[in-house]
Participant: 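Got a structure for you, questions after.
Proteins get letters first, then strands, A, B, ... in listed order; numbering begins at 1 in each. Please read all numbers here as calculations on a predicted model, not as lab measurements.
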There are 2 protein chains.
Amino acid sequence: MDTLDKTDLQILSILQNNARLTTKELASQVNLSSTPVFERLKRLENGGYIKKYIAVLDAEKLNQGFIVFCSVKLSKLNRDIAAEFTKIVQDIPEVTECYNISGSYDYLLKIHAPNMKYYQEFILNVLGSINSLGSLTSTFVMDEVKHNYGIPL
Amino acid sequence: MDTLDKTDLQILSILQNNARLTTKELASQVNLSSTPVFERLKRLENGGYIKKYIAVLDAEKLNQGFIVFCSVKLSKLNRDIAAEFTKIVQDIPEVTECYNISGSYDYLLKIHAPNMKYYQEFILNVLGSINSLGSLTSTFVMDEVKHNYGIPL
DNA sequence: TGTGAAAAGCATTAGGC
DNA sequence: GCCTAATGCTTTTCACA
């Protein structure tokens, strides 16, 4: 599978907003019957276009609504130190995202915490204890204005 | 519904990684039969703990693998200008996330594009034409090290 | 809250255009 | 590549511990 037609993109676009539609409902939205939609779905899943299906939770209600973007500079930027840092980061549950970035910092981390107090302790105890980490700047999220959980299609 | 027990959290934790399990499979993972799991699910959905179910797509394969964090400073920070800016941002598909942040900038935008050329044009044509926007800095993502699509539980 | 079984509805496959 | 129709699961409801 290498090319997607308009219907495939339509299916992906619908599913990245709501993955709980039945094949039937999905089919009616793209003006087809279930069988071809079902087959397209399998092709999209097996072709890796759809990576997984997930539930989006309410961070606020689950007491994880305090969000911080944490910019990190490594103690020194080389392959070993970068590898060490990224490995450690994978196992820290509060770090929900981590990007290697351009600019004055090396990494951008998205962090979820219950509140400022928790975050402060987290910085001191968890991030602060990482040797490969040089410096760090916290940018606090005051409001989540938009969050698509998807990509433009 | 106001309190979640350990089983509820376990269910949420499983679902934010894989929402395609059958009730039966989910039930066996939490050592219950389908009915109570089904009822808990409905409670979690109706209580707003689960906001929605989505398909996670492969941005790379869908030609949207060029990711930029764009820091924006408004021309002037007041309620009207902020409202105008956030309203416009909602309708720009390339902007997949937008946060009101602390620090030297007012907003942090996550932007998906096919490539640098596209992004350059996007900045000039789309973001550049927003009046409420003062200045802007692009931070390019070189590598997505971690992306959980979930929160710590 | 929980169990197990039955009913209603879906996903999935088969057979044909 | 599409359709309709059949089958086997799943979800969902219900009676009951």
Participant: Please list, one pair per line, the donor and acceptor atoms closer than 3.5 Å that link side chains of residues 98-105 of chain A to other protein atoms, with sequence neighbours excluded.
Facilitator:
unit_1	atom_1	unit_2	atom_2	d
A/Tyr99	OH	A/Glu97	OE1	2.5
A/Tyr99	OH	B/Lys110	NZ	2.9
A/Ser102	OG	B/Phe140	N	2.8
A/Tyr105	OH	A/Thr137	OG1	2.4

Participant: Could you list where the contact with chain B starts and ends along DNA chain D, reading 5' to 3', using a 4.0 Å heavy-atom cut-off?
Facilitator: D/dT10 to D/dC14
Participant: I'd like a list of close polar pairs between nucleotides 9-13 of chain C and the protein, N/O only, cut-off under 3.5 Å.
Facilitator:
unit_1	atom_1	unit_2	atom_2	d
C/dA11	OP1	A/Thr23	N	3.2
C/dA11	OP2	A/Thr23	N	3.0
C/dA11	OP2	A/Thr23	OG1	3.4
C/dT13	O4	A/Thr35	OG1	3.3

Participant: Identify, with sequence neighbours excluded, every residue that meets salt bridge (Lys or Arg N to Asp or Glu O under 4.0 Å) alongside B/Asp80.
Facilitator: none
Participant: May I ask you to evaluate whether B/Arg40 reaches the phosphate of C/dT1, defined as a side-chain N or O under 4.0 Å from OP1 or OP2?
Facilitator: no
Participant: Show every ring-ring contact (aromatic ring centres under 6.0 Å, His included) that has at least one partner inside residues 6-38 of chain A, sequence neighbours left out.
Facilitator: none
Participant: Going by the rule salt bridge (Lys or Arg N to Asp or Glu O under 4.0 Å), which residues pair with A/Asp5 if we only count those two or more places apart in sequence or in a different chain?
Facilitator: A/Arg40
Participant: Could you tell me which residues satisfy ring-ring contact (aromatic ring centres under 6.0 Å, His included) with A/Tyr149, sequence neighbours excluded, listed by chain and number?
Facilitator: A/His147
Participant: Show me the pairs that pass salt bridge (charged side-chain N to carboxylate O under 4.0 Å, His left out) and involve residues 16-36 of chain A, at least two apart or across chains.
Facilitator: A/Arg20-B/Glu45
Participant: Dot-bracket, 5' to 3', for DNA chain C please: Watson-Crick or G-U pairs under 3.5 Å, [ ] where pairs cross earlier ones, | where the partner sits on another strand, dots elsewhere.
Facilitator: ||||||.||||||||||
Participant: What residues, two or more places apart in sequence or in another chain, satisfy side chain to side chain donor-acceptor pair (under 3.5 Å) together with B/Tyr107?
Facilitator: none
Participant: Which residues pass the salt bridge (Lys or Arg N to Asp or Glu O under 4.0 Å) test with B/Glu144, sequence neighbours left out?
Facilitator: none
Participant: Applying side-chain hydrogen bond (donor to acceptor under 3.5 Å, both in side chains) between B/Tyr118 and each of B/Glu94, B/His112, B/Gln64, report the one that passes.
Facilitator: B/Glu94
Participant: Taking side chain to side chain contact (heavy atoms under 4.5 Å, CB included) as the test, write out the residues that go with A/Glu60, two or more places apart.
Facilitator: A/Asp58
